[in-house]
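Heads up, the thing below is written out as structure tokens.
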Amino acid sequence: MRTAAVRTAATAAAGSPAATARPRPPRPRTSPGGPAGTRPRGSAGARPRTSRGGTPRALPPHTVFAERLLAVLSGERPVHWMLGHTLGDAYEQLVRLAPGTPLRSLGPRPVLRRCSVQPHPSQGAVEAFATIATGTRVRAMAFRLERGDDQRWRCAAVELDGLEATARHA
């Protein structure tokens, strides 16, 4: 059908140089990271997950916070990036942990492997734990999220492989 439309347009514009040019074949689609299917799963520029209907599906808050904490503790983002997303001592815990960039790896960027949650609905809080792959090593991170009066989740505590207890006494 498209070829017929191109021929009709070419016939109508007979005598013009464009009428004698052949249409170009369509170019293969590529993503910004390279050819389709070559981007690693879960990379920063990946498309959001979609439901069966094809609409974007929002990630749960504990997964979003796990990714945010991973970015700070790997040195990808500065600690002050979490200022509006923390409560009480959580920001101070990040300030003590982040300078050592405990989740930085020499190879590819650390990846969130799993993030699970233990809800405490009566307290308006959840306790989450995550496993993070840093090269060949797997690290553990635990954090607590509390929902404020404005219905926003904020991080109230962070621990990493038991490093928080060590950093607190240092």
In short, Pro119 meets Val126 closest at the heavy-atom pair CA-CG1, 3.8 Å
- Message: Using the rule given for side chain to side chain contact (heavy atoms under 4.5 Å, CB included), can you reason through Val138 versus Ile132, listing the C-alpha separation, both sets of side-chain angles and the distance that settles it, and then say yes or no?
- Response: CA-CA 6 Å; Val138 176; Ile132 298 161; over 6 Å; no
Here the gap from Glu76 atom CD to Arg109 atom CZ, rounded to the nearest 0.5 Å, amounts to 4.0 Å
Shortest non-hydrogen pair, Tyr91 vs His80, comes out as OH-CA, 3.6 Å
Between Leu70 and Leu112 the two heavy atoms that sit nearest each other are CD2-N, 3.9 Å
Exactly one candidate in Phe65, Phe129, Phe143 meets side-chain contact (heavy atoms from CB on, under 4.5 Å) with Cys115; the answer is Phe143
Check: Is the backbone N or O of Ala140 less than 3.5 Å from a side-chain atom of Asp161, with the two atoms forming a donor-acceptor pair by type?
Finding: yes
Across all chains, not counting sequence neighbours, the salt bridge (charged side-chain N to carboxylate O under 4.0 Å, His left out) partners of Asp150 are Arg154
Separation between CZ (Arg137) and CG (Leu103), nearest 0.5 Å, reads 9.5 Å
Rounded to the nearest 0.5 angstrom, the CG-CG distance for Asp89 and Leu94 is 11.0 Å
For Gly124 and Trp153, the nearest pair of non-hydrogen atoms, with its separation, is O-CZ3, 3.8 Å
| query | Do Leu87 and Val117 share a hydrophobic cluster (ILVMFWY, side-chain heavy atoms under 4.5 Å, transitive)? | reply | no
Rounded to the nearest 0.5 Å, the OG1 atom of Thr86 sits from the CD atom of Glu146 at a distance of 11.5 Å
Salt bridge (Lys or Arg N to Asp or Glu O under 4.0 Å) pairs touching residues 116-132, sequence neighbours excluded, are Glu127-Arg144
Any donor-acceptor pair under 3.5 Å from Thr101 side chain to Arg104 backbone: no
Here the gap from Arg77 atom CZ to Leu69 atom CG, rounded to the nearest 0.5 Å, amounts to 13.0 Å
Applying side chain to side chain contact (heavy atoms under 4.5 Å, CB included) to Arg68 and not counting sequence neighbours gives Val64, Trp81, Met82, His85
Query raised in the report: Under the 3.5 angstrom rule, does the side chain of Arg139 hit a backbone N or O of Pro110 as a donor-acceptor pair?
Result: no
Self-check item: Criterion side chain to side chain contact (heavy atoms under 4.5 Å, CB included) on Leu59 and Glu67, from CA distance to verdict
Solution: CA-CA 11 Å; Leu59 293 173; Glu67 289 285 355; 5.7 Å; no
Between Ala133 and Arg113 the two heavy atoms that sit nearest each other are CB-CD, 3.5 Å
The reported gap from CE in Met141 to CG in Leu73 (rounded to nearest 0.5 angstrom) is 6.5 Å
